[in-house]
Amino acid sequence: MASSHILCHNNVFNLSPNPFRNRGLSSLNSNGFCFFGSKSRISRPSSLKIVVSERRQVEIVYDADERINKLADVVDKEAPLSRLTLFSPCKINVFLRITSKREDGYHDLASLFHVISLGDVLKFSLSPSTKKDSLSTNASGVPLDDRNLIIKALNLYRKKTGTNKYFWIHLDKKVPTGAGLGGGSSNAATALWAANQFNDCLVTEKELQEWSSEIGSDVPFFFSQGAAYCTGRGEVVQDILPPVPLNIPMVLIKPPEACSTAEVYKRFRLDKTSNSDPLQLLHKISSDGISQDVCINDLELPAFEVLPSLKRLKQRIIAASRGQYDAVFMSGSGSTIVGVGSPDPPQFIYDDEDYKDVFLSEANFLTREANEWYKEPASASACSPSDDFSRNFSSSVE
């Protein structure tokens, strides 16, 4: 590259090419302050060479990179966060044991929860309102007032911290409701995390996790790293390393009918559950992988009573798979059937008129890095109901 030269009597100034050219810097004022449309990094330093005499040369190096990058850091640090887009993934229960009934009417459970790559997208913007949040969505039937767990989460954050920021939120809904996938719980956890970001991480994730149990039993899980052994009502979360490879494919198949969690528990009988030790199930999955014998869900039997067609769907998937799946099981309280080991549904799902309205999506296991939220996988858009693989998604209130 050519450099600029300025000859001044016996002094020669060698200037490197303009470091601001094509760098995305919107302006540079006379004081050297830079205004950024987005944070820019300059990779090559500028050098100012001064020849004092023909015999003696002094070189003064001015590192413009360092100065501009420090300015960018200051701008990014001091500029208030005004918008944030976050992925809100759902989960499956690889196994779900119900171990006892509590005095408060709830049931104790022991379950391997794992985040998967199917999820919603939440877009947050600061609102000028000092009284309420405004929620919009692409899905019909989703409440937009304080019945929605997103609004509940934001209200809870303000109550706990005394902050007064309100938001515009848009929910791009891809996770079906009433599916046993924890989509609403994930939305609530994502909203809590977002509110904390807008308030300069005022509290720790541990505090957010503890507060989140006031919203719902599944919400605390999403503050894990993505895989956890959960007990109590589900709110006692023990982070674990992913017990299986994250790239194992799976298919989610959900009929249009939802399973009411209340109805499922109403029909639940403790004497009809498995006697498998949940810690042994966890150990076996960690050592041998996922198989049909370890993917136990004690809520399947009552869920199949509530929705007999769900039992037939699971049976048909197993019969048609011919070893295609390592395991076929229901997630949570239903009504999603999960086939682990292949991203493809059995052919009858496409051929049989009875299943023309099912929701289909492929997925993988997912985790997150410490101090970061979950990232939307590059292939996650393939799970959109508008695509060929995910069909006829109609939303109902979760």
Side-chain angles (χ1 to χ4, degrees), residues 90-114 143 145-161 177-192 203-224 228-240 258-282 296-307 330-336 397-398:
C90 62
K91 59 82 182 170
I92 60 170
N93 301 88
V94 181
F95 67 79
L96 175 56
R97 288 288 337 279
I98 307 297
T99 56
S100 63
K101 187 168 183 178
R102 299 153 50 116
E103 292 183 0
D104 60 9
Y106 289 98
H107 291 79
D108 280 318
L109 60 83
S111 178
L112 171 56
F113 282 58
H114 211 304
D145 54 18
D146 56 11
R147 291 173 296 165
N148 191 289
L149 297 188
I150 296 170
I151 304 298
K152 285 182 183 292
L154 296 174
N155 286 337
L156 178 66
Y157 186 87
R158 285 186 289 264
K159 176 185 174 183
K160 294 288 189 180
T161 62
T177 55
L181 299 175
S185 296
S186 174
N187 291 167
T190 304
L192 281 174
V203 299
T204 65
E205 280 194 23
K206 186 66 176 175
E207 288 173 290
L208 294 177
Q209 186 178 52
E210 290 171 356
W211 297 346
S212 70
S213 64
E214 297 181 27
I215 304 170
S217 300
D218 288 351
V219 184
F221 159 69
F222 289 96
F223 289 100
S224 72
Y229 179 68
C230 299
T231 53
R233 293 182 291 113
E235 85 284 5
V236 181
V237 179
Q238 179 183 341
D239 255 300
I240 61 172
C259 268
S260 163
T261 301
E263 279 298 315
V264 171
Y265 273 103
K266 189 182 294 184
R267 296 174 185 245
F268 172 77
R269 290 181 57 184
L270 198 59
D271 61 346
K272 297 287 186 179
T273 61
S274 166
N275 58 7
S276 297
D277 183 341
L279 286 174
Q280 288 297 320
L281 294 176
L282 180 61
I296 294 167
N297 186 340
D298 286 336
L299 294 181
E300 278 194 2
L301 186 60
F304 291 163
E305 291 179 7
V306 172
L307 200 61
M330 185 185 79
S331 179
S333 58
S335 59
T336 299
V397 178
E398 185 170 37

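Numbers for residues simply follow the sequence, beginning at 1.
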Hey, does [Y] have a side-chain heavy atom less than 4.5 Å from the side chain of [X]?
X: Leu181; Y: Ile92; answer: yes
X: Asp145; Y: Ile151; answer: no
X: Ser185; Y: Phe221; answer: no
X: Leu192; Y: Ile215; answer: yes
X: Pro220; Y: Ser212; answer: yes
X: Arg267; Y: Val306; answer: yes
X: Leu301; Y: Phe268; answer: no
X: Leu282; Y: Leu112; answer: yes

Tell me if a side-chain donor or acceptor on [X] pairs with a main-chain N or O of [Y] at a distance below 3.5 Å.
X: Asn187; Y: Ile150; answer: no
X: Ser331; Y: Gly180; answer: yes
X: Ser224; Y: Asp239; answer: no
X: Thr161; Y: Tyr157; answer: yes
X: Asp298; Y: Ile98; answer: yes

Interatomic spacing from [atom1] in [X] to [atom2] in [Y] - rounded to 0.5 Å:
X: Ile296; Y: Leu96; atom1: CD1; atom2: CG; result: 10.5 Å
X: Asn155; Y: Lys160; atom1: CG; atom2: NZ; result: 13.0 Å
X: Phe304; Y: Glu300; atom1: CZ; atom2: CD; result: 4.0 Å
X: Leu109; Y: Arg233; atom1: CG; atom2: CZ; result: 9.5 Å

Q | Residue pair Ser274, Arg97: steps toward the side-chain contact (heavy atoms from CB on, under 4.5 Å) verdict | A | CA-CA 7 Å; Ser274 166; Arg97 288 288 337 279; 4.0 Å; yes
(Q) Within the 3.5 Å criterion, strictly below it, is a donor on Ser100 or Asp108 matched to an acceptor on the partner's side chain? (A)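 Yes, a side-chain donor-acceptor pair sits under 3.5 Å.
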**Q.** Salt-bridge criterion met for Arg269 and Glu305 (N-O under 4.0 Å)
**A.**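 Not counted as a salt bridge, because no side-chain N and carboxylate O are separated by less than 4.0 Å.
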Q. Can you name the side-chain hydrogen bond (donor to acceptor under 3.5 Å, both in side chains) partners of Ser335, sequence neighbours left out?
A.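 None.
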Q) Should Asn93 and Phe113 be marked as a side-chain contact (heavy atoms from CB on, under 4.5 Å) after you check the CA-CA gap, both sets of side-chain angles, and the distance that decides it? A) CA-CA 5 Å; Asn93 301 88; Phe113 282 58; 3.2 Å; yes
Q) Minimum heavy-atom separation for Ala191 to Leu154, with atom names? A)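 That closest heavy-atom pairing would be O-CD2, 3.7 Å.
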